Asker: 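I am attaching a structure below and will ask some questions about it afterwards.
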Amino acid sequence: MPELPEVEVVRSGLHLAITGATITRVQVFDDRSVKRHESSRGPFLDLLTGVTVLSAERRGKFLWFPLSTGDALVAHLGMSGQLLLRTPGGGPDTHVRVRLAVEHPQHGELVVAFADQRVFGGMAVDTLVPSPDGYPTGDGTQAIPSRVAHIARDPLDPHFDAGEFARALARRNSGIKRALLDQTLVSGIGNIYADEALWAARMHYNQPTYCLSSRRIELVLAEVRRTFCAALDQGGTSFDRQYVNGASGYFSRHRAVYGRQGEPCGRCGESIERAKFMNRSSHYCPQCQRIRPVRVP
DNA sequence: CAGGCTTCCTGCGCGC
DNA sequence: TGCGCGCAGGAAGCCT
């Protein structure tokens, strides 16, 4: 399940490989993987064929590729999506839904295969609109795909507004994990990293946000950043592995709570619990992560 | 406005 | 051995 670190590894690899490449052929093997494409603008294939890729950008878990036409190719990996970089004829990949053949002036012919077992992800061609906060996006322009414009910046983004995040938490009557997973407040965090960061911050997943001090909010953001950076450091030096296996190897070794229900907490030895929350599961230590009472003003 | 619930989807692991 | 069920999860849209 790709979250920010996994998506960033994919972005940086593709940025190096296909910036400046021209799309020569597009094949859609499964229409379900072309999601939320504005068909009134024209067929997906026609909007891409013969077009040059200008860069690879990311906001939260969304990827996009600004194009020479002024549009952008948007991709979301969903639960099981991968963007596999291949040479022509290479790799007997399974679950390939969309295939882009590109020609790069230096790297020659390459293939970008969108593989997605569970079909939660998808691709679309989208128009670029001005970034709502007016600050530059990854490519130095203020342009962002219209379908991505509502997504907040991630906590590693230099223009992430921590003050606005704290004000939003103070306004709403909500649990901290719900807020961390709300991509319009802060982006890039999924179920695994949320559980890990909350454990590190000793915070209960259902801690009401309005009674968190700005110091406590800063603390949980710092733990999110630390978790992201640790995964990014592990992530992706291997050019091959990052595309063959889109899943992060990081948490197969470094998980503190996710998937470890019944095992002892690494801090206090209490048994890790798993609870249903928001139609998914939350893993936490009932000893270290307790709901703190509402502060009396 | 916020939050709860549903839909999309497939492979795997469990119990019988 | 095989079947059927539940589970896993990100995002969006509907409903309350």
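Chain A is the first sequence line, chain B the second, and so forth, proteins listed ahead of strands; every chain is numbered from 1. In this text the structure is predicted, and so the values were computed from the model without any measurement.
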Asker: What is the nucleic acid contact for A/Lys35, judged by heavy atoms within less than 4.0 Å: base, sugar-phosphate only, or nothing?
Answerer: nothing
Asker: Report yes if at least one side-chain N or O of A/His76 is closer than 4.0 Å to OP1 or OP2 of C/dA12; otherwise report no.
Answerer: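 A/His76 to C/dA12 OP1/OP2: no side-chain N or O under 4.0 Å.
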Asker: Is any side-chain N of the basic residue among A/Arg202 and A/Glu223 closer than 4.0 Å to the acidic one's carboxylate O?
Answerer: no
Asker: Output the rounded distance in Å from NZ (A/Lys61) to P (C/dG10).
Answerer: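 For the pair A/Lys61 NZ and C/dG10 P, the rounded distance is 5 Å.
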Asker: Below the 4.0 Å mark, does B/dT10 have OP1 or OP2 next to a side-chain nitrogen or oxygen of A/Arg32?
Answerer: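 Yes, such a contact exists.
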Asker: Please report the interatomic distance CG(A/Leu77) to CE(A/Met123), rounded to the nearest 0.5 Å.
Answerer: 9.0 Å
Asker: Is A/Arg274 close enough to C/dA8 that one of its side-chain N or O atoms is under 4.0 Å from OP1 or OP2 there?
Answerer: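 Yes, within the criterion.
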Asker: Send over the distance from A/His150 NE2 to C/dA12 P, rounded to a whole Å.
Answerer: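 Rounded to whole Å, this separation is 4 Å.
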Asker: Hey, which of A/Leu180, A/Leu4, A/Asp182 is the one that makes side chain to side chain contact (heavy atoms under 4.5 Å, CB included) with A/Ile189?
Answerer: A/Leu180
Asker: Examine B/dC9: is either OP1 or OP2 under 4.0 Å from a nitrogen or oxygen in the side chain of A/Ser80? Give yes or no.
Answerer: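 No, outside the criterion.
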Asker: Quick one: the side chain of A/Arg280 and the base of C/dA8, do they pair up donor-acceptor inside 3.5 Å?
Answerer: no
Asker: Nearest 0.5 Å, please: how far is OH in A/Tyr258 from CG in A/Asp195?
Answerer: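 Answer for the CG-OH pair, A/Asp195 versus A/Tyr258, is 7.5 Å.
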Asker: Can you check whether A/Lys276 has a side-chain N or O nearer than 4.0 Å to OP1 or OP2 of C/dA8?
Answerer: yes
Asker: With a non-hydrogen cut-off below 4.0 angstrom, is A/Phe277 in contact with a base, only sugar-phosphate, or nothing?
Answerer: nothing
Asker: Below the 4.0 Å mark, does B/dC9 have OP1 or OP2 next to a side-chain nitrogen or oxygen of A/Gln117?
Answerer: no
